[in-house]
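To start, the structure under review is shown below, and the notes come after it.
Both backbone and side-chain heavy atoms feed into the values below; hydrogens, waters and symmetry mates do not. Computed from a prediction, not measured in an experiment: that's the story for all the values here.
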Amino acid sequence: MQTAEEKFIPKHYSIISDILYYIRHYRKYEPMVLVFSGLEILLGALVPLLAIWLPKIAVDLVVQGTTIPRAVKVLGLFTLLMILVQAVNNISLSGKYHLYNMQRANQVSLLFLKSLRIPYSYTESGEIKKLYWKAYSAFEMGDWSASSRIVTGTVGIAVNILCFALYSTVIGTLNGWMLLCLIGLAFLNYMVNMSRIRYEESLREDMAQANKRYYCVSNSMGHVKGAKDIRIYGMSRWLIKLRDRVIGEQRILNWKLFRKRSFYEKIGFLLSFGRDVGAYGFLLYQALEGRVSAGEFVLYFGAITGFSEFVLRIMNSLSDLRAAANDTDYLRAYMELPEEDVSTGGRHIRELIMPLEISFVDVSFSYPDAMEEGEKETKTEAETGNQGRTIFDHLNLTIHAGERIALVGVNGAGKTTLVKLLCGLYDPDEGKILLNGIDRNEFPKEEFYQLFSVVFQEPLILPFTVGENIIMNKADRVDCDRAWEALDKAGLKTVFEEKKIRLDTYMTKTLMKNGVELSGGQQQRFLLARALYKDAPVLVLDEPTAALDPIAERELYENYNKYSGGKTAVFISHRLASTRFSDRIVMLEEGKIIETGTHDELLEQDGAYAKMFRIQSNYYENGKEASEWEQI
């Protein structure tokens with residue numbers, strides 16, 4: 001089985017391919033960027049060409065003894081032409097800058113939307129997560145972002161290549177051999193710069209790792225939430241030593257880079273110096289021999305000077321493009337990931353009779369990369385390399401119509417994976433999942449998702465309004481009466497009214513300083529309100545109360561139980577709070593069903609469930625919490 005690492009190694013594209021990629025993007029979303037860029041290339045090359053012709057015209061007018069009125073007229077018209085060209089060029093530059101910066105936000109949005117369209121299993125892959133953040137880095141550094149540098153670098157290199165060609169034409173009229181020598185020396189300079197760029201790229205990964213370690217230590221030292229631990233455990237000296245070590249690593253790499261850059265700069269200086277001395281010497285010789293006029297001398301002198309500058313600018317633009325292309329490779333690799341098919345299916349959920357019966361028939365499932373079930377449940381990345389671990393091997397389970405079942409078992413037993421298979425977030429490697437006897441693959445996934453109201457352990461509260469957080473959609477789609485009814489059933493309506501919290505009040509303080517902050521218990525009740533508002537035929541609770549005390553957990557599950565009548569429901573709880581009111585308990589161990597039955601039946605069997613229940617009960621046997629717990 002291929003791992004995510006093997007399947008999604010980013011492809012390295014050529015610079016031209018990356019330029020074409022952005023050209024296609026701007027042609028689709030903001031064509032004016034291309035229009036302004038084209039104008040800037042043409043006018044950007046015309047401005048310096050006019051600049052070297054102006055002194056020649058002025059000298060020729062003086063040598064020819066032109067009258068002052070005529071000289072003023074000619075030079076005035078030429079100057080106005082230069083001003084006009086420069087003004088239009090500046091407008092193009094400003095317009096392009098504004099538009100491609102605005103597009104950066106759009107590109108980030110497209111990247112995020114892509115993350116919602118790829119298969120869910122990809123989003124849990126450590127390699128795909130890394131790829132996402134590397135792709136995101138193409139936009140996060142403002143003018144230094146890859147998306148910006150591709151535009152500026154492409155325009156810059158196009159302008160300077162065009163100037164190089166125009167100046168070469170001017171110099172070629174003086175002497176073809178001198179032009180060839182200048183081009184040859186420019187090529188040598190190019191090779192020197194390319195060697196410097198390749199060396200810098202060879203240190204790129206080491207520099208990135210050193211910077212990553214530095215920011216990790218720096219963030220740990222400045223983490224306000226960690227201040228208590230740093231003081232209590234006396235971590236200051238240790239963190240300072242870590243800081244000094246990572247700074248030392250950065251210093252060594254920067255010194256290596258500085259020495260190499262200095263070496264290449266000296267070679268480049270010698271080549272440029274030799275080229276300019278030779279060219280100016282030849283031009284002076286031609287002038288002394290009377291083979292060029294005073295005006296031509298000024299023209300050629302300016303052309304030779306500009307020629308050298310354009311070569312340097314081409315090198316700088318190329319260096320920027322190469323660096324930006326590396327980040328763009330990650331972006332393109334992520335954007336080219338296969339997308340989940342959510343619309344294909346010949347059946348529709350409206351055909352199903354509720355309540356729903358769900359059957360797992362010979363279902364087998366393995367994680368495609370190094371992610372263990374227990375690690376999935378705790379949201380940590382696997383580093384052990386247990387690739388392709390089988391979680392379920394021909395699992396058979398039927399959740400009857402309107403039945404409430406509780407999934408129990410230790411970490412890694414397969415509970416969360418079962419829920420994700422149930423909800424369509426994962427697809428089985430083998431076997432089928434049936435809805436009222438119909439293969440769920442016959443239903444479009446976008447419809448299939450409508451069957452479930454799911455409450456996960458990690459509460460998702462977005463920095464939007466209360467109403468938007470309840471329906472998880474735009475505010476104008478909120479049914480106010482239905483929303484308040486859901487809040488009332490969840491036990492939050494009175495609290496909200498007392499605190500004057502309305503449906504248009506913002507939640508969290510991320511966007512609004514007066515945003516609503518809910519306690520842990522209130523968050524879970526709010527998630528209940530969200531599930532009740534959706535009113536889907538299948539209710540799924542994946543350990544939503546892990547952070548609550550047993551009494552609060554019992555009360556919350558009683559609410560879920562109260563409003564799950566007539567629905568098919570699946571509950572997961574480590575502390576077995578959902579087991580007493582469930583119609584059936586399913587005990588999982590290493591992906592296998594080892595026990596099933598009611599709470600009383602399993603206690604009578606005195607097996608794994610009974611042992612787990614007794615162990616948990618012992619924690620509370622000496623206090624009030626014990627009596628409350630044992631009443632569950």
Sub-3.5 Å donor-acceptor pair from the side chain of Ser145 to the main-chain atoms of Phe139, do we have one?
yes
Have His25 and Gln103 got a donor and an acceptor in their side chains that come within less than 3.5 Å?
yes
Crowded around Met472 CE? As in, over 12 foreign heavy atoms under 6.0 Å?
yes
My understanding is that only one of Val570, Val538, Val586 makes a side chain to side chain contact (heavy atoms under 4.5 Å, CB included) with Ile399; could you say which?
Val570
Is there a side-chain hydrogen bond (donor to acceptor under 3.5 Å, both in side chains) between Thr598 and Arg584 once you walk through the steps?
CA-CA 5 Å; Thr598 66; Arg584 182 160 51 112; over 6 Å; no
Is there side-chain contact between Ile433 and Ile358, with heavy atoms separated by less than 4.5 Å?
yes
Just how far is it from atom CG of Asp429 to atom CG of Asp393, taken to the nearest 0.5 Å?
10.5 Å
Can you tell me if Asn106 and Ser109 form a side-chain donor-acceptor pair at under 3.5 Å?
no
Quick one: does Thr344's side chain have a donor or acceptor within less than 3.5 Å of a partner on Asp341's backbone?
no
Check ion pair Lys445-Asp427 (N to O, under 4.0 angstrom):
yes
Do any N or O atoms from the side chain of Lys134 and from the backbone of Asp329 form a donor-acceptor pair under 3.5 angstrom?
no
Residues 590-603 vs salt bridge (Lys or Arg N to Asp or Glu O under 4.0 Å), sequence neighbours excluded, gives none
Between the side chains of Thr465 and Arg502, does any donor sit under 3.5 Å from an acceptor?
no
Within 45° cone and under 6.0 Å: Arg482 NZ/CZ vs Tyr533 ring:
yes
Salt bridge between Arg347 and Glu447, side-chain N to carboxylate O under 4.0 Å?
no
Test your reading of the model: is there a side-chain donor-acceptor pair from Lys493 to the backbone of Trp484, 3.5 Å cut-off?
no
